[in-house]
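To start, the structure itself, in structure tokens.
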There are 2 protein chains.
Amino acid sequence: MNNSSGLGLRERKRARTSEVIHIAAAELALERGLDAATIEMISDRAGVSTRTFFNYFPTKEDAVLGIDEVAVSAELDRVRGCDEDVFLALFDLITALFEATGGGIKSDLKRDVIRKYPQLMTRQMVRVAELEDRLSAIIAGWLAKDARFAEQSEAEHLDEARIILGVSLATVRITMKKWASDPDPTTGPPASAAPRETYERAIATLRTVLEKLT
Amino acid sequence: MNNSSGLGLRERKRARTSEVIHIAAAELALERGLDAATIEMISDRAGVSTRTFFNYFPTKEDAVLGIDEVAVSAELDRVRGCDEDVFLALFDLITALFEATGGGIKSDLKRDVIRKYPQLMTRQMVRVAELEDRLSAIIAGWLAKDARFAEQSEAEHLDEARIILGVSLATVRITMKKWASDPDPTTGPPASAAPRETYERAIATLRTVLEKLT
DNA sequence: TGACTTTTTGCGTTGCACGCAATAATGCAA
DNA sequence: TTGCATTATTGCGTGCAACGCAAAAAGTCA
């Protein structure tokens, strides 16, 4: 280890390559269109072979989204407690997973490309849904520590966790979609706070609706 | 029109072919595995060319699931009112969409194949999610006629409808997944009632959870 | 340096998805 | 029933995705 980051050259290079491919993929998707951007073009711009491309991302969509399994796992490991509201905590977690890319960089490219191709949002959610087991286990852990759920069994916590996760995911998806389709021409970069509020309102609405539909 | 069904020979033949392909696809998926079953095999068994296959289904998964755009549209057109609970009505609608196949036949094959390959469930839900606009419009219509939502605007109804739809979809998915993974060896065919009850319980749980997490 | 592990790469394979134009099947009217 | 318009089916060809395999390159560490 002859560097400051605590990582060997290999790991650093790997993260860098992942990021380079992601950027190339997202840029080309924006420039040429999602379908028109072929893996060959992307690999070309990234300066790797097409075969190497597949060593980093299983599909083109994943590359465009910059979904990095390692970064996602790291994010999951980091999550331990849940101080605030469970639904809000989940929003933060999901959006964090959302923005977890190779180099740990939150690229605006991703935002732009999803704005242009909302289908990717669904794709992203499917990816998160694949983490269902790991995520619901974490949520069940939160519930277990929560006094309000003290009298319930572990199995019940897990069932509830799955429902909470599913509902949150759906709500985040709707929220993000609304935000992505919103013209919102006046607001600048600090507009990134908006989704969280929109989400809060959506959860509140859900609560109201459920009450009305007793 | 020289037949009893009110459809021309073309329409009937088309529905029949769609069904034949679907059955071939589902059977082969069960026999050989979802990936191992190629479109060539499926077309072969169905007695059509691979090219014709793509005239009926855009992807192999759609063929296995027997997703028929015409049948789905017919199902959506049929839906008009909503007498009972909105969430229950949605469950019925979603499962109806779920079982809408070319010939209008509810094949057990589909059930089996999804049991074996739960990924298809997610796929199916993505398909339903693509109907989001049409479906949420229908739900908004329900809300507009509902006294409990009388004081709200049309836009609010639509927002609520989207949330209700998203949450229902997620819940149905979880319900079906649980049902699909359940060994449930004792119960016979009448077990098909179970999912609806499981769904009801899930919605009830959601209500409780939301109350607790005020 | 030299032996090691890991990564990259080129090559080849399989299968998906679909455009296009020729051919066949069906519907309809005379 | 026959001929014409419409629609369906098919074969052919193309482009691309995804990945296995083994050789070559790059990084690691003694």
Side-chain angles (χ1 to χ4, degrees), chain A residues 1-3 5-22 24-25 28-29 32-65 67-70 102 117 119-120 123 127, chain B residues 1-22 24-25 28-29 32-65 67-70 102-103 117 119-120 123 127:
Chain A
M1 299 300 156
N2 45 5
N3 62 77
S5 68
L7 293 171
L9 177 54
R10 269 200 184 133
E11 270 115 342
R12 272 179 292 140
K13 240 190 148 174
R14 189 155 235 294
R16 174 75 193 142
T17 304
S18 173
E19 195 195 333
V20 167
I21 295 176
H22 159 55
L28 276 166
R32 309 280 192 97
L34 186 56
D35 286 340
T38 74
I39 289 182
E40 206 178 340
M41 289 181 195
I42 295 168
S43 309
D44 239 44
R45 180 173 295 196
V48 297
S49 70
T50 64
R51 195 60 191 75
T52 298
F53 176 96
F54 285 108
N55 288 339
Y56 281 85
F57 297 99
T59 68
K60 184 168 69 178
E61 281 72 26
D62 280 22
V64 171
L65 289 170
I67 293 175
D68 187 278
E69 192 50 50
V70 179
Y117 301 101
Q119 341 142 16
L120 291 173
R123 170 86 190 175
R127 292 313 244 113
Chain B
M1 298 299 156
N2 45 5
N3 61 78
S4 55
S5 68
L7 292 171
L9 177 55
R10 271 205 178 130
E11 270 117 340
R12 272 179 292 138
K13 236 190 151 177
R14 196 170 174 79
R16 173 77 192 140
T17 304
S18 173
E19 194 195 334
V20 167
I21 295 177
H22 158 55
L28 275 166
R32 308 281 192 97
L34 185 57
D35 286 339
T38 75
I39 289 180
E40 207 178 340
M41 289 182 196
I42 295 168
S43 309
D44 239 45
R45 179 172 297 196
V48 297
S49 70
T50 65
R51 195 60 192 78
T52 298
F53 175 96
F54 284 108
N55 287 339
Y56 282 85
F57 297 99
T59 68
K60 184 169 71 179
E61 282 71 27
D62 281 22
V64 170
L65 289 170
I67 294 174
D68 187 279
E69 192 50 49
V70 179
Y117 301 101
Q119 340 140 16
L120 292 173
R123 172 87 189 173
R127 291 313 246 111

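Between A:E11 atom CD and D:dT28 atom C1' there is a gap of 11 Å when expressed in whole angstrom units. One interatomic measurement links the two molecules: NZ of B:K60 to P of C:dT14, which rounds to 15 Å at whole-angstrom precision. The CZ-P distance, from A:R123 to D:dA17, rounds to 13 Å in whole Å. Atom CG in A:D62 sits roughly 14 Å away from atom P in D:dA17 (whole-Å rounding). Taking atom CD1 of B:I21 as the reference point, atom C1' of D:dA8 lies 12 Å away to the nearest angstrom. Atom pair A:D35:CG and C:dC16:C1' shows a separation of 14 Å (rounding to whole Å applied). Rounded to whole angstrom, the span from the CD atom of A:E61 across to the C1' atom of D:dA18 amounts to 12 Å.
Annotation: side chain of A:F53 is not in contact with side chain of A:E40 (no heavy-atom distance under 4.5 Å).
Relative to the side chain of B:K13, the nucleotides D:dA26, D:dT9, C:dA25 differ in distance, and C:dA25 lies closest.
The distance from atom CZ of B:F57 to atom NE2 of B:H22, rounded to the nearest 0.5 Å, is 7.5 Å. Here A:Y117 contributes atom OH and A:L34 contributes atom CG; the two are 6.0 Å apart, rounded to the nearest 0.5 Å. In this structure, CD1 on A:I39 lies 10.5 Å from CD1 on A:I21, to the nearest 0.5 angstrom. Rounding to the nearest 0.5 Å gives a distance of 5.0 Å between CG of B:L65 and CG of B:L120.
Heavy-atom distances under 4.0 Å link DNA chain D to A:T38, A:I39, A:R51, A:F54 of residues 38-56 of chain A, given in residue order.
Looking at every heavy atom in both residues, B:M41 comes nearest to B:A37 through SD-CA, 4.1 Å.
Nearer to the 5' terminus of DNA chain D, by closest-nucleotide assignment, is the contact made by A:A36 (compared with the other of A:F57 and A:A36).
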